[in-house]
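This report refers to the structure that appears directly beneath it.
Computed from a predicted structure; not experimentally measured.
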Amino acid sequence: MKIAIIGTGNLGLAIAKGLITNNAITTLYMTRRNPATIESYAEYKNVFVTSDNLEAVQKSDILIFAVQPAQLAKILHDIKDELTDKHVLISTITGYAISQIEAIVGTDQFIIRAMPNTAIAVGASMTCLASNEKGMKRIKVAEAIFNRLGNSLIIPENQMQAATVVCASGIAFWMRLIRATTQAAIQLGFDAHEAQELAMHTCNGASKLLIESGNHPEEEIDRVTTPKGCTIEGLNEMEHKGLSSSLIQGMVASFNKINVIKTDQK
Ligand SMILES: NC(=O)C1=CN([C@@H]2O[C@H](COP(=O)(O)OP(=O)(O)OC[C@H]3O[C@@H](n4cnc5c(N)ncnc54)[C@H](O)[C@@H]3O)[C@@H](O)[C@H]2O)C=CC1
Ligand SMILES: O=C(O)[C@@H]1CCC=N1
């Protein structure tokens with residue numbers, strides 16, 4: 001596949017790493033305003049680093065846009081005359097509706113919104129996908145790319161805002177939980193390195209248990225909470241201090257912030 005990443009910042013670079021390490025490209029164009037910082041990627045075979053979005057569009061079929069929301073409109077205006085029927089436009093931009101993209105490039109384009117997360121760098125992104133009517137004909141192509149780099153789910157576009165919080169921001173939320181459990185492990189006597197190993201692999205195990213069993217988390221919790229034991233003591237104390245409630249409220253705050261981001265684009 002001939003892929004271009006338009007805007008290779010934090011997310012774009014994570015996507016590039018995933019594509020390169022999984023041999024998922026025929027050619028890969030990585031664009032950025034100041035490409036010097038990602039110049040080293042040009043050493044990979046068939047990878048090209050440039051600030052020239054037009055060249056990247058002309059030489060590629062799949063265009064993955066990963067610029068900040070306020071930067072997308074100008075880029076779409078700049079490249080729209082280069083778009084042909086070979087192009088599939090994949091936007092990862094938060095809060096940027098398909099209708100806004102269509103308003104610039106027209107409805108007669110394959111347009112897909114994708115919401116991956118930075119775990120795409122290690123082939124473990126949970127990516128949600130939605131498309132315009134024409135884009136339905138190419139959604140399998142997007143699915144194939146993102147399934148190679150983790151898991152994907154096709155959703156209606158009106159769930160994209162929620163998917164952004166749960167999956168994309170979700171990486172940061174889980175990182176903070178891992179950091180907090182690491183800090184607790186240090187306080188309980190492990191050195192920092194060991195503490196993080198214990199926290200990361202326990203988190204990995206919890207997630208793997210659910211993925212492989214299909215069980216509800218409470219079912220697995222019931223297996224750990226020995227009556228009158230230490231686990232239920234700790235869990236109840238966490239809930240008294242608002243663990244679930246603060247997570248839910250934080251995620252709702254993230255969701256609401258996207259409405260502000262959308263307003264800023266108008
Ligand atoms: N960072 C994340 O984990 C996720 C980000 N997103 C979305 O992805 C987009 C990018 O986010 P980040 O990577 O965090 O931002 P970022 O600021 O790290 O990356 C944006 C990149 O675009 C480049 N850029 C700006 N104007 C350009 C132009 N005219 N031509 C080429 N490149 C240009 C910048 O140089 C920068 O490297 C945002 O819309 C965000 O909502 C979506 C899911 C996850
Ligand atoms: O924080 C943000 O706005 C972007 C979208 C999801 C992850 N990063």
Side-chain angles (χ1 to χ4, degrees), residues 10-11 14-15 17-18 92 94-95 114-130 146-147 149-156 158-261:
N10 287 309
L11 179 65
I15 297 172
K17 284 178 186 166
T92 67
T94 297
M115 192 47 65
N117 61 42
T118 50
I120 200 162
V122 292
S125 173
M126 179 64 232
T127 304
C128 289
L129 300 167
F146 290 104
N147 283 344
L149 306 175
N151 294 277
S152 69
L153 182 70
I154 297 172
I155 59 171
N158 64 15
Q159 286 187 331
M160 210 32 117
Q161 185 164 339
T164 304
V165 173
V166 179
C167 304
S169 306
I171 288 286
F173 304 148
W174 285 108
M175 290 296 170
R176 191 53 70 80
L177 286 172
I178 292 170
R179 190 190 77 169
T181 48
T182 300
Q183 287 172 319
I186 295 169
Q187 190 169 342
L188 296 174
F190 289 98
D191 73 39
H193 177 75
E194 285 172 347
Q196 187 172 324
E197 287 275 299
L198 301 190
M200 286 185 306
H201 291 295
T202 306
C203 172
N204 200 23
S207 139
K208 220 170 163 186
L209 262 179
L210 295 180
I211 291 167
E212 292 190 8
S213 68
N215 286 343
H216 188 281
E218 280 312 314
E219 212 175 325
E220 294 299 335
I221 288 175
D222 284 347
R223 294 200 170 95
V224 188
T225 47
T226 308
K228 285 191 161 181
C230 61
T231 312
I232 193 65
E233 189 80 16
L235 268 181
N236 284 347
E237 183 62 18
M238 288 173 200
E239 291 303 343
H240 291 318
K241 294 272 159 44
L243 176 69
S244 297
S245 168
S246 78
L247 278 172
I248 294 164
Q249 286 183 12
M251 290 174 75
V252 172
S254 283
F255 181 89
N256 291 336
K257 173 68 181 177
I258 297 175
N259 293 329
V260 179
I261 295 172

Contact summary for [X] and [Y], nearest pair of heavy atoms:
X: Met251; Y: Val165; value: O-CG1, 3.4 Å
X: Ala114; Y: Leu129; value: CB-CD2, 3.6 Å
X: Lys241; Y: Glu237; value: NZ-OE2, 2.6 Å
X: Ala195; Y: Thr182; value: CB-O, 3.6 Å
X: Phe255; Y: Ala162; value: CE1-N, 3.6 Å
X: Ile178; Y: Ala199; value: O-CB, 3.8 Å

Return the [atom1] to [atom2] distance between [X] and [Y], rounded to the nearest 0.5 Å.
X: Ile261; Y: Gln161; atom1: CD1; atom2: CD; result: 9.0 Å
X: Leu243; Y: Leu177; atom1: CG; atom2: CG; result: 7.0 Å
X: Thr118; Y: Lys17; atom1: OG1; atom2: NZ; result: 9.5 Å
X: Leu198; Y: His193; atom1: CG; atom2: NE2; result: 9.5 Å
X: Met160; Y: Thr92; atom1: CE; atom2: OG1; result: 10.0 Å
X: Gln196; Y: His201; atom1: CD; atom2: NE2; result: 9.0 Å

Heavy-atom distance under 4.5 Å between the side chains of [X] and [Y], does that happen here?
X: Thr127; Y: Cys167; value: no
X: Met126; Y: Leu153; value: yes
X: Phe173; Y: Ser254; value: yes
X: Thr94; Y: Met115; value: yes
X: Ser213; Y: Glu219; value: no
X: Thr181; Y: Thr202; value: no
X: Asn215; Y: Leu209; value: no

Tell me which one of Val224, Thr225, Asp222 satisfies side-chain contact (heavy atoms from CB on, under 4.5 Å) with Ile232.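 When Val224, Thr225, Asp222 are each tested with Ile232, the side-chain contact (heavy atoms from CB on, under 4.5 Å) holds only for Thr225.
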Determine whether a donor-acceptor pair (N or O, by modelled atom type, separation under 3.5 Å) exists between the side chain of Ser125 and the backbone of Asn117.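 Yes.
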Under 6.0 Å from the CD atom of Glu233, do we count more than 12 heavy atoms belonging to anything else shown?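 12 or below, so no.
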I'd like to know whether CE of Met175 has more than 12 heavy-atom contacts from other residues, nucleotides or ligands below 6.0 angstrom.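 No, because the 6.0 Å sphere around CE of Met175 holds 12 heavy atoms or fewer from other groups.
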